Protein chains: 2
Amino acid sequence: MNGAPTNEAGGRAPVTPLPRRQMLADDVHEAIKALIMDHAIEPGARVSIDGLARQLGVSPTPVREALARLESAELVVKEPLRGYRTTPLLNREQLEDLYQFRLLLEPWAAARAAERLSDEGRERLRAEMGSCDAPRDTTYDAYKALTAHDTRFHVLVAELAGSAQVRQAFERTHCHLHVFRLSYNRGIGLQTLDEHRSITDAILAGDPQAAEAAMRGHLETALYERLLPVSDSS
Amino acid sequence: MNGAPTNEAGGRAPVTPLPRRQMLADDVHEAIKALIMDHAIEPGARVSIDGLARQLGVSPTPVREALARLESAELVVKEPLRGYRTTPLLNREQLEDLYQFRLLLEPWAAARAAERLSDEGRERLRAEMGSCDAPRDTTYDAYKALTAHDTRFHVLVAELAGSAQVRQAFERTHCHLHVFRLSYNRGIGLQTLDEHRSITDAILAGDPQAAEAAMRGHLETALYERLLPVSDSS
DNA sequence: ACCGGAAGTATCCTATAGGATTCGACGGTG
DNA sequence: CACCGTCGAATCCTATAGGATACTTCCGGT
């Protein structure tokens, strides 16, 4: 019953883990995350369980499960008999703390990625950098695509470093989501792509010190030149 | 509007956030975590939703919510239409990765704690170190108490460092739970307390370099002298 | 003896209903 | 005019029921 045991035609693809795309709760999870990112639910606003259930056309049970997961991700907070509430936007202090935390992890990850680079990793880096086309306009979708590339790039560096803990810790910060919520209507600028290319070149060259320095400079530039001015104006 | 505006009798305690202890799902969450830690549910074993519900005497709904939270904490994994399964024990590689990750965060946190030590922090450190009485026996409860102290100590150092991100990242690793599962029947030894005292002394002395070195030595000793020999024997 | 197929059981997933609690509003009293 | 008790609506929390799916076991055929 599993995966055509007597399929003589194509025994090539070894594991197509049969996507098993089900789980309404998972779709609800993504839908709510999208609502938060798009400011359809304002930061700090209360979010009703069966209100969301009615809005999404499902029963409250999967909504409850999705909110429980989002609570572990620090995207919503639960007030025991009063409902859920979205976490407020990051202030300047929290933003600096977040980037200080990234500075502890990511330069180290870049250096390790440069040290233990394999052919497969080299190809994945090239593919990611090749897939990001520089967006010409400053539309919402273009900004969203650039953010998605930024997320994939930093996760990829963490993976190439070979540390599952660093990758998970980075993913659990949801830094891109917070940054997205902070300045979702501003253009990040093409400078990000140039800095990513510098990091990529250092990693591909197998130069740990250069990779570490490039990543450190990238994070510091992002914080001090791109994010804090926006945060100050609010 | 918050907190007794015209209370002339006792305006002393400003915020007693009225614990609001309810939420069966939260108790279920703690109960399941305790079951995993005590090996009542073996690592890698399947865990049934309504099986747990019957065992705990509640309905499946809060169990489902608790498992969703545990899934975000990487303590169980979900196989979409087949149920939940506890995560397997850490192997040697994952254990080394975990401690490499801690080495990125905690020595830095110790140094920062030494730099920005306040009177309140000094008092909290003294209180924590004073509360841990050296256990004479090697019983299960004594080991459990020592683990609890170890958790509180490392979280406290992260808090004194002033970085919420570092504290959250450390807590989300659940390193104590993994270590507990690995060697729950072995004595950690009193060496841990001595090393904690060395770290505490360096922080209280306001010496960042000494604190960083002490924390680094503590982690390396814990990994190479206390954990890996146990992991190798299995 | 080995393999393929089918029925049965257990489990999961979603929806719905009822009990308990909180928040807001209204009217009464000092 | 200010304060307080009471009422009502909305919400949350838990329990239960029904439909669908996957795993196990048994049986017949080769």
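Every chain is numbered from 1 and lettered A, B, ... according to where its sequence line falls, protein lines coming before strand lines. Here the structure is a predicted model, which is why all the values come from computation and not from measurement. The figures here come from the full heavy-atom set of this structure, side chains too, leaving out hydrogens, waters and symmetry mates.
Neither side chain, His174(A) nor Glu74(A), offers a donor N or O lying under 3.5 Å from an acceptor on the other.
Here side chain to side chain donor-acceptor pair (under 3.5 Å) pairs that include residues 46-58 of chain B, with residues two or more places apart or in two chains, are Ser48(B)-Asp50(B). Sorted by first and then second residue, the pairs that involve residues 159-169 of chain B and meet side chain to side chain donor-acceptor pair (under 3.5 Å), not counting sequence neighbours, are Asp97(A)-Ser163(B), Arg124(B)-Glu159(B), Arg167(B)-Glu171(B).
Panel note: side chain Arg116(B), backbone Leu160(B); a donor-acceptor pair is recorded below 3.5 Å. Judged by distance alone, with hydrogens and angles left aside, the side-chain atoms of Asp38(B) form no donor-acceptor pair with the main-chain N or O of Ala40(B) at under 3.5 Å.
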Between N or O atoms, less than 3.5 Å apart, protein on one side and nucleotides 9-11 of chain D on the other: list the pairs.
none

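Between Leu81(A) atom CG and dA20(C) atom P there is a gap of 13 Å when expressed in whole angstrom units. Between the OH atom of Tyr84(B) and the C1' atom of dA22(D) there is a distance of 17 Å, given to the nearest Å. To the nearest angstrom, P of dA20(C) lies 17 Å from CE of Met23(B). Per the geometry, CD belonging to Glu79(A) stands 15 Å off C1' belonging to dT21(C), to the nearest Å.
Listed by chain and number, the residues in a side chain to side chain donor-acceptor pair (under 3.5 Å) with His149(A) are Glu128(A), His196(A) (sequence neighbours excluded).
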Could you pull out all donor-acceptor pairs under 3.5 Å where a side-chain atom in residues 83-90 of chain A meets a protein atom, sequence neighbours excluded?
| from | atom 1 | to | atom 2 | distance (Å) |
| --- | --- | --- | --- | --- |
| Arg85(A) | NE | Glu79(A) | OE2 | 2.9 |
| Arg85(A) | NH1 | Gly44(A) | O | 3.0 |
| Thr86(A) | OG1 | Glu42(A) | O | 3.0 |
| Thr86(A) | OG1 | Gly44(A) | N | 2.7 |
| Thr86(A) | OG1 | Ala45(A) | N | 3.2 |
| Thr86(A) | OG1 | Ala45(A) | O | 3.4 |
| Thr87(A) | OG1 | Leu75(A) | O | 3.2 |
| Thr87(A) | OG1 | Arg181(A) | NH2 | 3.4 |

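Within the 6.0 Å centre-distance limit, the rings of His176(B) and Phe170(B) are counted as a close aromatic pair.
Against DNA chain C, the stretch residues 55-78 of chain B makes heavy-atom approaches under 4.0 Å through Arg64(B), Lys78(B).
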